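Remarks on the structure that follows.
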Amino acid sequence: MTSTFERVRNEDGTALAADVYRHESARAVVLLLHGGGQNRHAWATTARRLHARGYTVVAYDARGHGDSEWDPDGRYDLDRLASDLLSIRRYASDGRPPAVVGASLGGMTVLGTHLVAPADLWGAVVLVDITPRMEFHGARRVVSFMGAHPDGFDTLDAAADVIAQYNRHRARPKNLDGLRKVLQQRDDGRWIWRWDPAFIASNFEFLQGDPATGAKEFGAISDLLIEGARRVRAPTLLIRGVHSDVTSQQSVEEFLEVVPHAEAVDVSGTGHMVAGDDNDAFTSAVADFLDRTLNDSSD
């Protein structure tokens with residue numbers, strides 16, 4: 001099944017790009033939110049497989065990412081990202097609470113949305129390698145990677161080398177066509193990331209400076225996300241990459257104390273980018289959870 005490309009406008013006028021996989025007799029709607037620096041194409045295989053299981057699936061680009069418009073003020077705070085998620089939810093709604101799957105930044109957005117909207121909007125919540133209290137050094141490594149090459153790369157090969165250095169547990173791909181989904185070529189021939197550089201400057205610049213100062217701001221964000229997690233009521237699954245440096249066993253255990261009805265599963269052989277490292281295991285975990293919990297909630 002092929003998806004349809006659609007644009008959804010938030011109330012502030014920002015146009016969000018989405019791939020929609022419609023199912024005529026859908027069991028439920030599933031919304032997929034990518035991580036920072038990624039875009040909706042990261043979900044392509046998972047979206048097709050969930051659609052084959054009977055779901056209508058919507059994968060969209062966060063503002064400032066992929067084919068979505070950049071924020072006119074260069075601001076990408078949780079309130080704006082949450083507003084975008086709620087706009088997508090209204091657009092895709094079939095009258096039932098949809099499931100929402102958020103990886104990294106997408107998971108932060110899901111928790112942030114619980115601070116500004118009722119918890120009963122969601123039929124199920126899946127967080128992918130994100131907990132309210134993330135590991136500081138891992139978050140710094142992610143932000144450092146995203147901010148390291150603002151002027152891009154001479155070639156796709158050069159970009160592939162940098163990505164391989166960052167994801168050392170994953171083999172460097174021989175076919176680089178997939179990089180055209182996360183990079184775009186400027187008129188001068190250089191390849192640049194498909195996200196607004198202001199995304200880092202407006203949200204996470206504190207992670208690139210003095211660690212002591214950054215740790216204080218990082219703690220404030222954690223407290224905010226913990227408050228969002230306390231409000232989660234839908235069936236919840238936390239999927240963690242075993243080799244992740246963004247989450248840890250300790251952060252998972254804390255999350256399970258805050259959200260006692262949640263389940264957690266580790267995916268062996270994966271890091272922070274769980275879906276990209278082992279899509280088969282990841283998608284199976286998501287699909288099995290949704291099959292079970294959404295059916296239970298509709299009985």
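If you're wondering where the values come from, they're calculated on a predicted model, not measured in any experiment.
- Contact between S268 and D278 at its shortest, heavy atoms only, is O-OD2, 4.5 Å.
- Applying the ring pair (Phe, Tyr, Trp, His ring centres under 6.0 Å) rule to F153 yields the partners H149, W193; only residues at least two apart in sequence or on another chain are considered.
- In this structure the side chain of D177 reaches within 4.5 angstrom of the side chain of R180, judged on heavy atoms.
- Between A92 and V29, the shortest heavy-atom distance links the atoms O-CG2, 3.6 Å.
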Inset, instruction - Decide yes or no on side-chain contact (heavy atoms from CB on, under 4.5 Å) for R40 and F5, but give the supporting numbers first. - result: CA-CA 11 Å; R40 69 190 189 282; F5 175 77; 3.4 Å; yes
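- Taking the charged nitrogens against the carboxylate oxygens, E253 and R133 have no contact shorter than 4.0 Å, which rules out a salt bridge.
- Counting heavy atoms from C-beta on, the side chains of H137 and D245 come closer than 4.5 Å.
- The two atoms that bring L16 and R63 nearest to each other are CD2-N, 3.9 Å, heavy atoms only.
- The shortest non-hydrogen separation linking R7 to D67 is NH1-O, 3.0 Å.
- Residue Q250 qualifies as open at atom CD: its count of foreign heavy atoms under 6.0 Å is 12 or below.
- At a cut-off of 3.5 Å, with distance as the only test, a side-chain donor of D12 or T14 sits close to an acceptor on the other residue.
- You'll find the side chain of V8 stays beyond 4.5 Å of the side chain of R90, heavy atoms only.
- Annotation for S244 and D129: closest pair OG-OD2, 2.5 Å, computed over non-hydrogen atoms.
- Salt-bridge annotation for R75 and D73: absent, with no side-chain N of the basic residue lying under 4.0 Å from a carboxylate O of the acidic one.
- Using a 4.5 Å heavy-atom threshold, the side chains of W191 and Q184 count as separate.
- A donor-acceptor pair is defined here as one N or O able to donate and one able to accept, closer than 3.5 Å; such a pair exists between the side chain of R96 and the backbone of R27.
- In terms of modelled atom types and a separation under 3.5 Å, the side chain of D94 and the main chain of A28 share no donor-acceptor contact.
- With hydrophobic clusters built from ILVMFWY side chains whose heavy atoms lie under 4.5 angstrom apart, I88 shares a cluster with L105.
- Using a cut-off of 4.0 Å between Lys/Arg side-chain N and Asp/Glu carboxylate O, R186 and D188 are scored as salt-bridged.
- Scanning for ring pair (Phe, Tyr, Trp, His ring centres under 6.0 Å) contacts around H34 gives H65, with sequence neighbours left out.
- Atom CZ of R168 sits in a sparse spot, with 12 or fewer heavy atoms from other residues, nucleotides or ligands closer than 6.0 Å.
- Under the 4.0 Å criterion applied to side-chain N and carboxylate O atoms, R22 and E6 are assigned as salt-bridge partners.
- Taking 4.5 Å as the limit, some side-chain heavy atom of D154 sits within range of a side-chain heavy atom of R190.
- The closest side-chain heavy-atom distance from N39 to W195 is not below 4.5 Å.
- Under the 3.5 Å distance criterion, with hydrogens and angles disregarded, no donor-acceptor pair is assigned to the side chains of N279 and T45.
- A salt bridge is defined here as a Lys NZ or Arg NE, NH1 or NH2 lying under 4.0 Å from an Asp or Glu carboxylate O, and D61 with R194 fails to meet this definition.
- A donor-acceptor pair is defined here as one N or O able to donate and one able to accept, closer than 3.5 Å; no such pair exists between the side chain of T270 and the backbone of D277.
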Legend entry - Candidate pair S251 and E135, rule side-chain contact (heavy atoms from CB on, under 4.5 Å), full reasoning: CA-CA 8 Å; S251 68; E135 297 300 314; 4.2 Å; yes
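- In terms of heavy atoms, T56 sits closest to A26 at OG1-CB, 3.4 Å.
- Y60 and D84 are not linked by any side-chain donor-acceptor pair at a separation below 3.5 angstrom, with hydrogens and angles left out of the test.
- T46 and T283 share a side-chain donor-acceptor pair at under 3.5 Å.
- Counting heavy atoms from C-beta outward, V101 and L31 have side chains that stay 4.5 Å or more apart.
- S222 places a side-chain N or O within donor-acceptor distance of the main-chain N or O of F218, the cut-off being under 3.5 Å.
- A 4.5 Å side-chain heavy-atom check between R53 and D288 finds at least one atom pair inside the cut-off.
- Between the CD1 atom in I221 and the CG atom in L78 there is a gap of 7.5 Å [rounded to 0.5 Å].
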Could you list the donor-acceptor pairs under 3.5 angstrom formed by side chains in residues 110-128, with sequence neighbours left out?
{"from": "T113", "atom 1": "OG1", "to": "T109", "atom 2": "O", "distance (Å)": "2.7"}
{"from": "H114", "atom 1": "ND1", "to": "V110", "atom 2": "O", "distance (Å)": "2.9"}

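- Side-chain contact check for Y166 and D161: no donor-acceptor pair (N or O, by modelled atom type) lies under 3.5 Å.
- With hydrogens and angles disregarded, no donor-acceptor distance shorter than 3.5 Å links the side chain of N10 to the backbone of G13.
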